[in-house]
Amino acid sequence: MTTSIVLGAGMVGVSTALALQETGHQVVLIDRKAPGRETSYGNAGIIQTEAVEPYAFPRSLAEIVRVGLKRGNDTDWRLGDMPRLAGPLWRYFTQSAPATYARTVAAYSKLALRASGDHARFIEPANAGDLIVREGWRAVYRSPGKLDAAVATAERLKREYGVPSDVLTSDELAASEPALKSRLAGAVHWTSPWTCRDPGDLVSRYAALFVARGGKVAQGDAMSLQQTGAGWRVLSERGNLTAENAVVALGPWSPMLLARFGYRVPMVFKRGYHWHFGGKEGPRISMLDIDSSALIAPMNAGWRVLTGAHLAPLGTAPASRQIRHAVSAARTLFALRDPIEAAPWSGTRPCMPDMLPVVGPSRHKGLWFHFGHGHQGFTLGPTTALLLAEQVDGNRNNPLALPLLPSTRDWA
C-alpha cells in the first residue's frame, strides 16, 4: 500500500487526503491546527461554479490609477509592503495580458464548472447536507449603468460557458429580500453556485469522513519536512512520520516551506477580512454589494461581512480600512446589530501570477505540489485533489491537469 503525508488541513489538503485515500493510499493529514481552522475557515462559503474567469490584474491605465489611489474598496495595499510584492505582482500583470489570460481561462473554466459535482462526492458521505444551500448568490448594483454592464457580462458567460443567471429588477430584488433597507438598481443572480453556512465546519466534516474511512489526522510541524532514503519525514505529535509521498497543500505557507528545497514560488498574497454580526434582518441568500466590495453571507454564526483583497505579505499587521468600509456599506443595506467577535478575522489567499493552481509532481521524487488556488481554494479543492490523486497513481495525461503542472511554471 502506498503511503502519503498531506501537509495542510484546509479544504485543499483535506480533499487531497480523501482523494488519495479513495485510490488506496494510506494517508496521514498533518497541520498545526484542527482541520478547517485557517484560511478555509474565513471565506464566503460559496462553491463558485459561475467563477469561470479568474481575477486578472488591471490592464487599463485608468483602472491601475484607481487601485493605486485606493479609490475603491476592492483592493488595499501599503507602500512599505511593495518591495516584497513587486516581483510577483509584475508577473501577475504580464500573465493578465489578453492572449495569456485567454489560455488561463480555457483551463480554469473547466475546473470551476465541475466544482459542485466534485464537492457532492463528499458532502453526502460526510453528513454535511445541512450546511449546503443550493440557491446561488447575488451581485447587487446601486447604479443602472453598472447593472447594464453586469447583465451583458452575465449573458456572455451564459453564451460561452453555459453559466446560468437571472436578472432582477429593483422591484424584484426588493420583493425577494424583504429585509433590504435601500432601493437598489437591481441584481444579477448567479443561480448555479452552492453556498455553505459554515465553511470551516464543512472542512471539519470532510476530515471526519477521512478519519472514518481509516485515515489519520495528526498535529505537526510542516516546516520539519525532510527527504529521507525511503521518501519523506515530518515531525508530529506522534513522533517522526515517514511516507513515500509528501503533498504540500499549505496554501500561502507553501512558498516558505518549499524555499528550503530550492523552489522560489512567486506567490501573490491577497488578504481578506470578515466579521460576524448579530440580528434577525439580513440577506436571504449571499449578496455582494459591487460598489463597496462588501459581501454579506448568512452563516450559522451570524451575518458574515467580507471584504475584497488586501495585498499584504504573510506576517504583516492587519489593516482596518476595507472591513470598516464594508461594514458601513452593509449597514446601509441591512439592520445588522453588534459584532459577535471582538475583532475581525483575517486570512490570506494564495494566488499564483498565472491565476492557475499548481497541481502535480515537483523535481524531488515523491514531493507533490497542491496549492495556489487564489480566491477559489474552497471551490476547487475537491476538483484539483482528484486530479492530483490521478497523477500520484501514474495518470499524467488528463487534459484538465496538464496546464496545472509545476513543470509548466518557469520557477519550478
Side-chain angles (χ1 to χ4, degrees), residues 39 41-46 48 50-51 55 66-67 70-76 133 135-144 146-147 150 168-190 193 195-200 270-310 312 318-349 375 378:
T39 306
Y41 162 78
N43 59 73
I46 306 176
Q48 285 194 256
E50 94 296 342
Y55 294 105
R66 184 191 69 81
V67 172
K70 302 184 183 182
R71 289 179 176 165
N73 201 40
D74 53 339
T75 308
D76 197 10
V133 180
E135 295 190 38
W137 67 276
R138 295 186 180 122
V140 300
Y141 298 85
R142 296 174 184 250
S143 72
K146 288 186 177 180
L147 175 62
L168 278 68
T169 66
S170 180
D171 288 342
E172 289 169 336
L173 178 60
S176 180
E177 292 288 359
L180 190 61
K181 293 165 52 180
S182 301
R183 189 76 174 177
L184 302 175
V188 172
H189 183 174
W190 301 103
T195 59
C196 176
R197 295 189 62 89
D198 191 331
K270 296 183 182 180
R271 182 179 293 161
Y273 301 86
H274 84 232
W275 213 349
H276 286 108
F277 292 82
K280 296 182 179 180
E281 298 184 345
R284 190 175 61 82
I285 63 175
S286 294
M287 177 182 292
L288 173 62
D289 175 21
I290 294 296
D291 279 28
S292 66
S293 298
L295 194 148
I296 312 158
M299 297 279 174
N300 289 340
W303 307 106
R304 180 177 286 189
V305 177
L306 303 102
T307 69
H310 174 198
S320 62
R321 183 181 77 88
Q322 284 179 301
I323 190 65
R324 284 189 290 104
H325 282 288
V327 169
S328 177
R331 281 182 159 152
T332 68
L333 300 178
F334 297 98
L336 303 184
R337 301 186 68 180
D338 293 338
I340 294 172
E341 304 103 342
W345 176 94
S346 68
T348 299
R349 307 175 184 105
H375 296 254
F378 187 79

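Any value given below was found using the heavy atoms of this structure, including those in side chains, with hydrogens, waters and symmetry copies removed. Residues take their numbers from the sequence shown, with the count starting at 1.
Taking CH2 of Trp275 as the start and CG of Leu336 as the end, the distance is 12.0 Å to the nearest 0.5 Å. Within the model, atoms OG of Ser293 and CG of Leu288 stand 6.5 Å from one another, a figure rounded to the nearest 0.5 Å. How far CD1 of Ile323 is from NE2 of His310: 13.0 Å, rounded to the nearest 0.5 Å. Within the model, atoms CZ of Arg66 and CZ of Arg71 stand 9.5 Å from one another, a figure rounded to the nearest 0.5 Å. Between the CD atom of Glu177 and the OG atom of Ser182 there is a distance of 12.5 Å, given to the nearest 0.5 Å. Note: His325 NE2 to Asn73 CG = 6.0 Å, rounded to the nearest 0.5 Å.
A donor-acceptor contact shorter than 3.5 Å links the side chain of Tyr273 to the backbone of Ala319. Using modelled atom types, no side-chain atom of Trp303 and backbone atom of Ile296 make a donor-acceptor pair closer than 3.5 Å. Using a distance-only test at 3.5 Å, with no hydrogens or angles considered, a donor-acceptor pair links the side chain of His189 to the main chain of Glu135. No side-chain donor-acceptor contact under 3.5 Å links Lys270 to the backbone of Gly308. The main-chain N or O of Asn43 is found under 3.5 Å from a side-chain atom of Arg304 such that the two form a donor-acceptor pair. Looking at Ser170, its side chain does come within 3.5 Å of a backbone N or O of Leu184 through a donor-acceptor pair.
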Intermediate values then yes/no, side chain to side chain contact (heavy atoms under 4.5 Å, CB included), Leu295 and Ile46: CA-CA 11 Å; Leu295 194 148; Ile46 306 176; 4.1 Å; yes
Worked verdict on Tyr141 versus Val188 for side chain to side chain contact (heavy atoms under 4.5 Å, CB included): CA-CA 8 Å; Tyr141 298 85; Val188 172; 4.3 Å; yes
Steps toward side chain to side chain contact (heavy atoms under 4.5 Å, CB included) verdict (Gln48, Trp190): CA-CA 9 Å; Gln48 285 194 256; Trp190 301 103; over 6 Å; no
Step-by-step side chain to side chain contact (heavy atoms under 4.5 Å, CB included) determination, Gln322 to Arg271: CA-CA 11 Å; Gln322 284 179 301; Arg271 182 179 293 161; over 6 Å; no
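No more than 12 heavy atoms of other residues, nucleotides or ligands lie within 6.0 Å of CZ in Arg337, so this atom counts as exposed by the packing criterion.
Taking both residues in full, the closest heavy atoms of Ser176 and Leu168 are given as CB-CD2, 4.4 Å, listed atom of the first, atom of the second, then distance. Among all heavy-atom pairs drawn from Arg142 and Thr332, the shortest one is NH2-OG1, 3.2 Å. For Ala297 against Ser286, the heavy-atom pair with the smallest separation is CB-OG, 3.5 Å. The shortest heavy-atom contact between Gly282 and Ala179 is O-CB, 3.7 Å. Residues Gly136 and Thr195 come closest through the heavy atom pair O-CG2, 3.7 Å. Between Leu147 and Ala187, the shortest heavy-atom contact is CD1-N, 3.8 Å.
Within the 4.5 Å cutoff, the side chain of Pro298 has heavy atoms near those of the Arg197 side chain. Within the 4.5 Å cutoff, side-chain heavy atoms of Leu180 are placed close to those of Phe334.
The aromatic rings of His274 and Trp345 lie parallel to each other, with less than 30° between the two planes, well short of the 60° mark.
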